[in-house]
Amino acid sequence: MLKIYNTFNKQKEEFQPINPEKVGMYVCGMTVYDYCHIGHARVLVMFDVITRHLRRHFTQVEYVRNITDIDDKIIKRAVKNKEDIYSLTNRFIDAMHEDELALGILPPDIEPRATGAIDQIFYMIESLIEKDIAYQCKNGDIYYSVRKFKNYGKLSGKNLDELEAGIRIEVETSKQDPLDFVLWKMAKPNEPSWQSPWGNGRPGWHIECSAMSCTHLGKHFDIHGGGIDLAFPHHENEIAQSEGANNSTFANIWMHVGFVNINNEKMSKSLNNFFTIRGVLENYNGETIRYFIMSSHYRSPLNFSNENLDNAKASLTRLYTAIRGLSASKAATTEVSQRFDYEERLTAALDDDFNTPIALSLLFELAKVVNVERKKDIDLANALGQLLKKLGSHIGILQTNADEFLKQGVSLSNIQIDNKIKQRNKARKNKNFCTTPWLTERHGYDPTKAGIVLEDGISATTWRRK
RNA sequence: GGCCGGAUAGCAAAGCGGUUAUGCAGGGGCCUGCAAAGCCUUACAGACCAGUUCGACUCUGGUUCCGGCCUCCA
């Protein structure tokens, strides 16, 4: 039984899809005016884990993740770069897809763009105006009248009067209420714009998600997700727009991924303390970053540091070391996976609001069994190794070749290393330890300087990166 | 100021009203020419103060500290 924490009700709830055959999930994606940072990576990775797990339970899962490719920051950046907005956004969309590939993230089923949803946005705004929930200001902008939606603030636990009390004084005074938010903005000269029934302009930020989720998943769907910072006002506004326009419940479950922190403080573009995914990829591979993200629960804060990434790397090294050199088993893997209940327990861990730390701990338990069986029953070890890889596949790790993982990032070529090892083993055979190249640290060991660790096996010497 | 979270061993991070989380690092041992890897074993927890309970890291109340949202943000 899958349980998911629902931000809306502040508790874990049993997940019952509206249509038992098909689960619909909408996740707020990126605004593409810059490279994705590690905070974005966390949302991308976690919803990838969530989607993978949902697919194991339900025959059909429709995962929609949008791209915001029109907004103030994009326009500003395009002007600064003297670049067309589409050339800018396409560049960063491509970069995002590259980053996702490196992190082992499967593409969403549908990746709609705001600029591709203009007609649906018109339709929704029109419907809100008809119902007198939205209005046009003197300057032509269309606003949503927050006081007309009785449940406003329910998701984020805000109260309209309290919000009103703490509001900042705005320059814009044509709004009926300072809390009203924009649905359609009139274009300023030289800004990208679309012709609308209300004049030339562009959509406000919140309306696109209401329009796109409705188009692809319908008025009422199962899961809506995003980063926790989107809960207010973005998701609150989405609920107001969608439920106001459609007279229907919007999403059943709201899922929010916690922040990535730097020195226990939020990482964000606004604070300018962020690390881009591609920047981190220069020092750590994508799987290590993915492991680091999965090593804490998705709702907890996650502190970004090299130490934590090193931990993740060491953990993955242990898992890959366990499966290294194992081959396909003669023993029936299904029979073995029934005899050992790791897959069942992994499923149970993920069923409990996607508890990835528990899921990972199970991989280590299994790795230990593999290591023990290796010396006793190699065929069983092979089968368990297969099982370990299979469990890894459920959360998107352990799918590269173990040797490849354990040897990557070393500057010497395989031939150079093999030659050194041959020389060394010749000397070892003659017990000529002290004059041998590449001995141990205490004998003037130098492979570590090349980032290499040697391992003298019974039949051969192997190596891996340090 | 209003509304939310959090505080777990050297580091990271979970579950759980009583029983080993897990990974890295540490101690002892096995294995090894020396190592590495692996295995066995071991130490080190639950911010603070009360309360509930036969029993609390786990529940309740309070205190302190930290973070987030209330404005664009994943």
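Just so we're on the same page: letters track the sequence lines, and every chain starts at 1.
- If you check every strand for non-hydrogen atoms under 4.0 Å, G39(A) touches a base.
- Spacing between atom CD1 of I228(A) and atom P of A74(B) amounts to 14 Å, rounded to whole angstrom units.
- Note that CG of L103(A) is 10.5 Å distant from CD of E287(A), once rounded to the nearest 0.5 Å.
- Across residues 386-404 of chain A, not one residue has a non-hydrogen atom less than 4.0 Å from an atom of RNA chain B.
- Electrostatic pairing of E191(A) and K185(A) does not count as a salt bridge here, judged by no charged N lying under 4.0 Å from a carboxylate O.
- Ranked by how close their nearest RNA chain B nucleotide is to the 5' end, K10(A) and L302(A) are led by K10(A).
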### Message
Could you go through L163(A) and V146(A), starting from their C-alpha distance and side-chain angles, then the distance that decides it, and tell me whether this counts as side-chain contact (heavy atoms from CB on, under 4.5 Å)?
### Response
CA-CA 12 Å; L163(A) 282 171; V146(A) 160; over 6 Å; no
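- Between the side chain of K158(A) and the base of C69(B), at least one donor-acceptor pair of N or O atoms lies under 3.5 Å.
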### Task
Take R113(A) and E208(A) through the salt bridge (Lys or Arg N to Asp or Glu O under 4.0 Å) test and state the conclusion after the steps.
CA-CA 9 Å; R113(A) 300 184 188 190; E208(A) 60 175 272; over 6 Å; no
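- Residue-environment remark: NZ (K407(A)) exceeds the threshold of 12 foreign heavy atoms within 6.0 Å.
- Taking the charged nitrogens against the carboxylate oxygens, R147(A) and E164(A) do have a contact shorter than 4.0 Å, which makes a salt bridge.
- Using the Watson-Crick or G-U wobble rule with both distances under 3.5 Å, C24(B) pairs with G10(B).
- Nucleotide C3(B) is matched to G68(B) when pairs are restricted to Watson-Crick or G-U wobble geometry with both distances under 3.5 angstrom.
- Between F181(A) atom CZ and C72(B) atom C1' there is a gap of 15 Å when expressed in whole angstrom units.
- Rounded to whole Å, the distance from NE2 on H235(A) to C1' on C3(B) is 19 Å.
- The shortest distance between the side-chain N/O atoms of S300(A) and the OP1/OP2 oxygens of A14(B) is below 4.0 Å.
- Here the separation of U52(B) from G38(B), taken at their C1' atoms, is 48 Å to the nearest Å.
- As a whole-Å value, the separation of F304(A) CZ from C11(B) P is 20 Å.
- Place G258(A) and N264(A) on RNA chain B by their nearest nucleotides, and N264(A) ends up nearer the 5' end.
- Pairing of U19(B), defined by two Watson-Crick or G-U wobble distances under 3.5 Å, is not identified with any nucleotide.
- Distances from the side chain of L163(A) to the nucleotides G68(B), C70(B), C11(B) place C70(B) closest.
- Between I105(A) atom CD1 and A74(B) atom C1' the separation is 12 Å, expressed in whole Å.
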Polar atoms only, N or O, under 3.5 Å: list the protein pairs with nucleotides 7-9 of chain B and their distances.
none

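- C24(B) and A9(B): their C1' atoms are spaced 13 Å apart (whole Å).
- Looking at heavy-atom distances under 4.0 Å, H37(A) makes contact with a base.
- Taking atom OH of Y152(A) as the reference point, atom P of C70(B) lies 11 Å away to the nearest angstrom.
- The interatomic distance linking E164(A) (CD) with C3(B) (C1') rounds to 16 Å, in whole Å.
- In this structure, the nucleotide among C11(B), C70(B), A14(B) sitting nearest to the side chain of F232(A) is C70(B).
- Of the P atoms belonging to U22(B) and G61(B), the separation is 32 Å, rounded to the nearest Å.
- Atom NZ of K389(A) has more than 12 neighbouring heavy atoms from other residues, nucleotides or ligands inside a 6.0 Å radius.
- The residue M30(A) sits close only to the backbone: its heavy atoms come under 4.0 Å of sugar-phosphate atoms, none of a base.
- For the P atoms, the distance linking C57(B) with U20(B) amounts to 15 Å, nearest Å.
- V260(A) comes within contact range of at least one nucleobase, with a heavy-atom separation under 4.0 Å.
- Of the candidate nucleotides C24(B), G15(B), A74(B), G15(B) has the atom lying nearest to any side-chain atom of N355(A).
- A distance of about 10 Å separates the C1' atoms of A13(B) and A21(B), rounded to the whole Å.
- Under a cutoff of 6.0 Å and an axis angle of 45°, R65(A) and Y26(A) do not form a cation-pi pair.
- In this structure, the CD atom of E162(A) is 14 Å from the P atom of G1(B), given to the nearest Å.
- Look at C30(B): its Watson-Crick or wobble partner, with both distances under 3.5 angstrom, is G38(B).
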### Query
Could you write nucleotides 36-46 of chain B as a row of B, S and -, 5' to 3', where a protein heavy atom under 4.0 Å of any base atom gives B, of only sugar-phosphate atoms gives S, and otherwise -?
BSBSS------
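- Base pairing analysis places A47(B) opposite U63(B); the two distances defining the Watson-Crick or G-U wobble pair are each below 3.5 Å.
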